[in-house]
Amino acid sequence: MQLLLIHSDYIEYEVKKSTPVAEKIEESFKQGRLEEALTAFMAVESFDEADPQQVVERAVAEIEKVAVQVKAESVMVYPYAHLSSDLSSPKVAVSVLKSIEKELSGKYNVMRAPFGWYKAFSISCKGHPLSELSRTIRPEESATCGEAVVVEEKKDEVVSEALKAESTAKSYWRILTPDGELHEAEGFDFTGYDNLKKFVDYEITKNRNIDKAPPHVELMRRLEIADYEPGSDSGNMRFYPKGRLMKSLIENFVLDESAKIGAMEVETPLMYDMNHPTLKKYLDRFPARQYSIESDKRHMFLRFAACFGQFLMNHDMTISYRHLPLKMIELTRYSFRKEQRGELVGLRRLRAFTMPDMHTLCPDMEGSVSQFGEQYSMCIDTLNKIGIDVSDFEVAIRFTRDFYEGNKDFITDLARKVDKPVLVEMWDTRFFYFVLKFEFNFVDATAKASALSTVQIDVENAERYDINYTDSNGEMQHPVVLHCCPSGAIERCIYALLEKAAMDTEAGKVPNFPVWLSPTQVRVIPIAERHMGFANEVADALQCRVDIDDREETVGKKIRDAGREWVPYVAVIGDSEVESGNVNVTIRAESEPKKPKKVEMTAEELNERVLSEIGDMPYRSLPLAKLLSMRPKFL
RNA sequence: GCCGUCGUGGCUUAGUGGUAUAGCGGCUGAUUCGUAAUCAGCAGGCCGGGGGUUCAAGUCCCCCCGACGGCUCCA
């Protein structure tokens, strides 16, 4: 059943003409009017025929719930077929409508508009936030026929209670400086903190005047990293070999870093039962929209993080206080969030994305706060090594007033660690499952902010999922849970690197990737065919991702192409190199536009230099042909 | 999801009612070349999809899809 509830000053109707399915009615029924009424427009659907009684009960419950909220004493039951494209038989519909009328009539002043008639009506909607609501009601266990798996959007289920709650949440915005002072965000002197200013504007005033597409969209395609996939849903990207390589390197890096602090890597399912009682409640506390899937008789949703899987695993584990803090991580490929259409842009915001999701079980609040501090530092370090410096992101710290009162010094320390002012958002009451969180927000070339790393202290889910550990007295306790995404979404890291490079270009610098992430680390350019032998020797002497531009092109063309690909080291080989045994290397990181930095060195020196720049960072071999002449173009 | 703009060969793009432009890329040939585009030729398009108006539609109208911008929203 589709329900549309409108709280109205009045509703009135008058029948005009009967349709073939019209119910027979008396003269007095042909027009009606109710003042101060909750009008329930409804369409009974084919699904409802499976269990009409249950649909009646649930519809009545929904109507009553809203009637109580808006303090309505009158209810207009109004059949409205246009709410659905899959209607029930008229017979069932009339009986459902009559039952609803009957159920409500004891408690409310109820009127029902006749079924199956064209009616003129006028309604005056009150327009307050609760005055217009829609609901979808389906009998439990309703099976759809046709295909085995049908992906469908259910409007009512994608708006979680947390999303609704947020619209009413009262936020207090402050700027916290490293000296521990809380300043009003309005009127703060942002001199020297341009990006913080942009971030604060983005968060608070929501003032955005941008007329251009973010530059990374063109770059991600030109550099053959990622692209839109028209054959999928929006926000589901394809990644070409270079993009997959970069993702893979960052993924491995984050996993390595979390292994170093003792996180256990696990893998959990991508889809879950919508009607699982624990999950249902969690869905309502998480501010995100889901993809949903009909699979046989079950209604599934795609995960938007690894929380479910890990919490369900934690629930079944036997855990002692000796095991705490206990860390688990999953690199989710993918997490799915059905973001609104207009929010999707390039790699900044996706509907399917790769996110490292780590959870830490801590014995108590004190333990969780200390872990929070450690993970805060770890996140700074992680982004830094990926190539996103403290100066590239802005910190937001969000907490409840209670938490702040008890932990002022700790919060100040967070600002001190980054040694710059940070944005603070404080709530009087806790709307979400956490009492404290931070995010590192990247501010891009179009002054838009998006979150990378985040850690949250969760005080709800251990209980909800019934996760327990045994304390030193042998008593069962619920741990405090930390959520941590050390790097942010991997795609978003690439977005940040591309945007950062675009800003460098804008500032008159040569754009770069960190060497460990560059798909090609060294390009060897032989001038003529006779230099291929030595070119191969040089390439063989290098223990990194090296390729050879053996195409029949001029040197100028090959240099230009290497530059457009942001290759960090370009070694040109001609007669004099063959003779000297050295190579002539253009070092991109030390070059300026139109002023390439060229150094003559041996292949061994070049190799050492590249290896030292890769350092401890992950390495994978080149996923493309070594010879450029053997490479297809992806676009 | 709502409002607006846009959608032409693999890519970028000209074309506002009358036989569909060009560059890049690809292929063929010539060139074997010293640091940001060597020259010539060839192939490749039912102009996002569907419907309508018209003698005639890439061009005008309607619906849908997608991208971008805004609103909204955001881990």
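Order of the sequence lines sets the chain letters (A, B, ...), proteins ahead of strands, with each chain counted from 1.
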Visitor: On RNA chain B, does the nearest nucleotide to A/V572 precede the nearest nucleotide to A/T454 from the 5' side, or the other way round? Give the residue.
Guide: A/V572

Visitor: Using modelled atom types only, decide if a donor and an acceptor are shared between the side chain of A/S453 and the backbone of A/P486 within a distance under 3.5 Å.
Guide: yes

Visitor: Find the partner of B/G4: check Watson-Crick (N1-N3 plus N6-O4 or O6-N4) and G-U wobble (N1-O2, O6-N3) distances, both under 3.5 Å, and reply none if neither fits.
Guide: B/C68

Visitor: Students often get this wrong, so: under 4.0 angstrom with heavy atoms, is A/E577 touching a base, only sugar-phosphate, or nothing?
Guide: base

Visitor: Side chain of A/Q310, backbone of A/D357: donor and acceptor closer than 3.5 Å?
Guide: yes

Visitor: Give the rounded distance in Å between these two atoms: CG of A/D561 and P of B/G26.
Guide: 9 Å

Visitor: Is it true that A/E565 and A/T520 share a donor-acceptor pair across their side chains at a distance under 3.5 Å?
Guide: no

Visitor: Can you check the distance between B/C65 and B/G26, where both ends of the measurement are the C1' atom (answer in whole Å)?
Guide: 29 Å

Visitor: Paired with B/A30 by Watson-Crick or G-U wobble geometry, both distances under 3.5 Å: which nucleotide is it?
Guide: B/U38

Visitor: Write down the distance separating the C1' atoms in B/G17 and B/G52, rounded off to the nearest Å.
Guide: 16 Å

Visitor: So A/K437, base contact, sugar-phosphate only, or nothing? Heavy-atom distance under 4.0 Å.
Guide: sugar-phosphate

Visitor: At less than 4.0 Å, is any side-chain N or O atom of A/K557 found next to OP1 or OP2 of B/G25? Yes or no.
Guide: yes

Visitor: With a 4.0 Å cut-off on N to O distance, would you call A/R430 and A/E460 a salt bridge?
Guide: yes

Visitor: Expressed as a whole number of Å, how far does the P atom of B/G45 sit from that of B/A20?
Guide: 13 Å

Visitor: When rounded to the nearest Å, what value does the distance between C1' atoms of B/G15 and B/G58 take?
Guide: 8 Å

Visitor: Provide the distance between the two P atoms, one in B/U59 and one in B/G7, to the nearest whole Å.
Guide: 11 Å

Visitor: Identify whether any heavy atom of A/R221 sits under 4.0 Å from a base atom; if not, whether one sits that close to sugar-phosphate; answer base, sugar-phosphate or nothing.
Guide: sugar-phosphate

Visitor: Using purine N1 to pyrimidine N3 plus N6-O4 or O6-N4 for Watson-Crick, or N1-O2 and O6-N3 for G-U wobble, each under 3.5 Å, what pairs with B/C46?
Guide: none

Visitor: Sort out the partner of B/A20 for me: Watson-Crick or G-U wobble, both distances under 3.5 Å, none otherwise.
Guide: none

Visitor: Using OP1 and OP2 only, check whether a side-chain N or O of A/T554 sits under 4.0 Å from B/C33.
Guide: no

Visitor: How long is the line joining NZ of A/K595 and P of B/U35, in whole Å?
Guide: 18 Å

Visitor: For RNA chain B, whose closest nucleotide is more 5', that of A/G556 or that of A/R351?
Guide: A/R351

Visitor: Regarding A/G231, tell me which of base, sugar-phosphate or nothing describes its non-hydrogen contacts under 4.0 Å with the strands shown.
Guide: nothing

Visitor: Going by purine N1 to pyrimidine N3 plus the second Watson-Crick contact, or the G-U wobble pair, all under 3.5 Å, which nucleotide sits opposite B/U13?
Guide: none

Visitor: Is it the case that A/D458 and A/Q456 place a side-chain donor and acceptor less than 3.5 Å from each other?
Guide: no

Visitor: Tell which nucleotide pairs with B/A56, taking only Watson-Crick or G-U wobble pairs whose two distances are both under 3.5 angstrom.
Guide: none

Visitor: Please report, rounded to the nearest Å, how far the P atom of B/G34 is from the CD1 atom of A/I525.
Guide: 14 Å

Visitor: Mind checking A/F438 for me? I need base, sugar-phosphate or nothing, with any heavy atom below 4.0 Å counting as a touch.
Guide: nothing

Visitor: Taking the C1' atom in each of B/G50 and B/G69, what is the distance between them to the nearest angstrom?
Guide: 27 Å

Visitor: Would you indicate, yes or no, if B/U12 has its OP1 or OP2 atom less than 4.0 angstrom from a side-chain nitrogen or oxygen of A/R222?
Guide: no

Visitor: What integer number of Å spans the C1' atoms of B/U13 and B/U72?
Guide: 34 Å

Visitor: Within the structure, does a side-chain N or O atom of A/K633 lie under 4.0 Å from either OP1 or OP2 of B/G26?
Guide: yes

Visitor: Determine whether a donor-acceptor pair (N or O, by modelled atom type, separation under 3.5 Å) exists between the side chain of A/S518 and the backbone of A/P568.
Guide: no

Visitor: If you measure only the distance, is there a donor-acceptor pair under 3.5 Å linking the side chains of A/K247 and A/T354?
Guide: yes

Visitor: What's the gap between B/C39 and B/C24 when it is taken at their C1' atoms, as a whole Å value?
Guide: 16 Å

Visitor: Which part of the nucleic acid, if any, lies within reach of A/T586 when heavy atoms closer than 4.0 Å are counted: base, sugar-phosphate only, or nothing?
Guide: base

Visitor: Which part of the nucleic acid does A/N584 contact within heavy-atom distance under 4.0 Å: base, sugar-phosphate only, or nothing?
Guide: base

